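What follows is a single structure, written as structure tokens, with notes after it.
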Amino acid sequence: MDNVSVLTFFVLSGLNYTVQHRIIIFALTLLCYSVIWIVNAALIITIIVDRKLHEPMHVFLCNLCINGLYGTAGFYPKFLMDLLSTTHVISYAGCLLQGFVLHSSACADLSFLAVMAYDRYVAICRPLVYHSVMTKQKVCVFVFFAWLVPIYLVFMGSVTTSRSRLCGSHIPRIYCINWLIGRLACSASIANVAIPAFNYTFYSGHFVFIIWSYVYLIRTCLTSRENMTKFIQTCLPHLFCLLIFIVCLLFDLLYMRFGSKDLPQSAQNFMAIVFLLIPPLFNPLIYGFKLTQIRNRIMEFLCGKHL
């Protein structure tokens, strides 16, 4: 294949093994995706409708759930259609778009987890200046850049990937990601190496900041019972969701780099979708059950009570 213009589609070979079980897998996937939509939408609507929940922490949480729906929308509809089809192909433009959505969603997750960690740091470690630091204007700025930066960085990576000359159309996964498209390039350009390296470094910095902030928070809270109570009530959900996200994402990244081709295809597929399954499903459940204000509001709505 001498020119990228010749390539019009990619073959997703990860679904080949599902032919015999595709109806069962389709039903389970549809059920899972429906639950993801229900729990995330319930939390988003609750926060939007109730003005008492228009606090920085809840605003960031609302955007985290919106991002969960955004990311899963890049995978589940296409996956469900593939399960009902005998040919598992995706157009060149569709593959780039899917890779963009999945990458930008993962990066936005880290962005929102970082600003949520900063919010908790200011609330617990600097409570006297919290309302002057976390103003509505600054919260809007944080939300804006938490969306803009990952979208811009991943977009730049997608543009450089789209300009590469590709020498293959076979993707051994059930969805497209830019890293695998880049591996099909006939030759690696400086931009194809530099931009992903910068993005990985940039978001590794997010991870380091989040870990540092929680270490500092725990050290601060150990000196005060009141702070420890506040940490348990508001920070544990963030910490659980962070650990879930990091473990799921690292699981997939490590497999992409070091995974064995001898691993059964079903295991490979599960490892590939774990970060599209567990965080979007468990994040709203953890926050909904753990954060008292949100839990009470949801229960009031379910029980038909009104303020």
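All figures in this text were calculated on a predicted structure; none of them were measured in a lab.
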When you measure from the side chain of Thr72 to the backbone of Leu69, do you find a donor-acceptor pair of N or O atoms at a distance under 3.5 Å?
yes
Judged by atom type as modelled, is there a donor-acceptor pair below 3.5 Å linking the side chain of Ser85 to the main-chain atoms of Asp82?
no
Mind checking whether Ile278 and Asn283 have side chains closer than 4.5 Å, heavy atoms only?
no
Where do Cys107 and Pro150 come nearest, in terms of heavy atoms and distance?
CB-CB, 3.5 Å
Determine, step by step, whether Phe79 and Tyr175 satisfy the ring pair (Phe, Tyr, Trp, His ring centres under 6.0 Å) criterion, reporting the C-alpha distance in whole Å, the side-chain angles of both residues, the deciding distance to 0.1 Å, and the verdict.
CA-CA 8 Å; Phe79 182 62; Tyr175 57 81; 8.9 Å; no
Considering all heavy atoms, the nearest Val154-His103 contact:
CG1-CB, 3.6 Å
Examine distances only and state if a side-chain atom of Ser105 and a backbone atom of Val101 form a donor-acceptor pair shorter than 3.5 Å.
no
Got Phe198 and Leu153 here, is their nearest side-chain heavy-atom distance under 4.5 Å?
yes
Answer yes if the ring centres of Tyr203 and His206 are under 6.0 angstrom apart, and no otherwise.
yes
Identify whether Tyr118 and Trp212 are in the same connected component of the hydrophobic contact network (ILVMFWY, side-chain heavy atoms under 4.5 Å).
yes
When rounded to the nearest 0.5 Å, the distance separating CG of Asp109 from OG of Ser104 is 10.5 Å
Just do the side-chain contact (heavy atoms from CB on, under 4.5 Å) check on Val59 and Ile47 with the steps written out, would you?
CA-CA 7 Å; Val59 172; Ile47 293 175; 5.6 Å; no
Which heavy atom of Met57 sits nearest a heavy atom of Asp119, and at what distance?
CB-OD2, 3.6 Å
Check: Gln98 and Ile90 side chains under 4.5 Å, non-hydrogen atoms
yes
side-chain contact (heavy atoms from CB on, under 4.5 Å), that's the test. Do Ile151 and Phe100 meet it? Break it down for me.
CA-CA 8 Å; Ile151 287 176; Phe100 168 79; 3.7 Å; yes
Walk me through it: do Val122 and Val133 pass the test side-chain contact (heavy atoms from CB on, under 4.5 Å)?
CA-CA 8 Å; Val122 177; Val133 173; 4.2 Å; yes
Do the non-hydrogen side-chain atoms of Ile174 and Ile273 ever get within less than 4.5 Å of each other?
yes
For Ile24, does the CD1 atom sit with more than 12 other heavy atoms under 6.0 Å from it, leaving out its own atoms?
no
Is it true that Phe209 and Tyr216 fall in one hydrophobic cluster, defined by side-chain heavy atoms closer than 4.5 Å?
yes
When you check the side-chain N and O atoms of Trp147 and Asn63, is any donor under 3.5 Å from an acceptor?
yes
Verify side-chain contact (heavy atoms from CB on, under 4.5 Å) between Cys62 and Ile66, making sure each step is shown before the conclusion.
CA-CA 6 Å; Cys62 180; Ile66 292 173; 4.1 Å; yes
Shortest non-hydrogen pair, Tyr76 vs Leu277, comes out as OH-CA, 3.6 Å
On a heavy-atom basis, the closest approach of Ile44 and Cys65 is CG1-CB, 3.7 Å
Where Pro280 and Val39 come nearest, the two heavy atoms and their spacing:
O-CG2, 4.5 Å
Within a radius of less than 6.0 Å around NE2 of His54, do more than 12 heavy atoms belonging to other residues, nucleotides or ligands occur?
yes
Distance alone, cut at 3.5 Å: any donor-acceptor contact between the side chains of Ser162 and Tyr92?
no
Give a yes or no on whether Tyr152 atom OH has more than 12 heavy-atom contacts from other residues, nucleotides or ligands under 6.0 Å away.
no
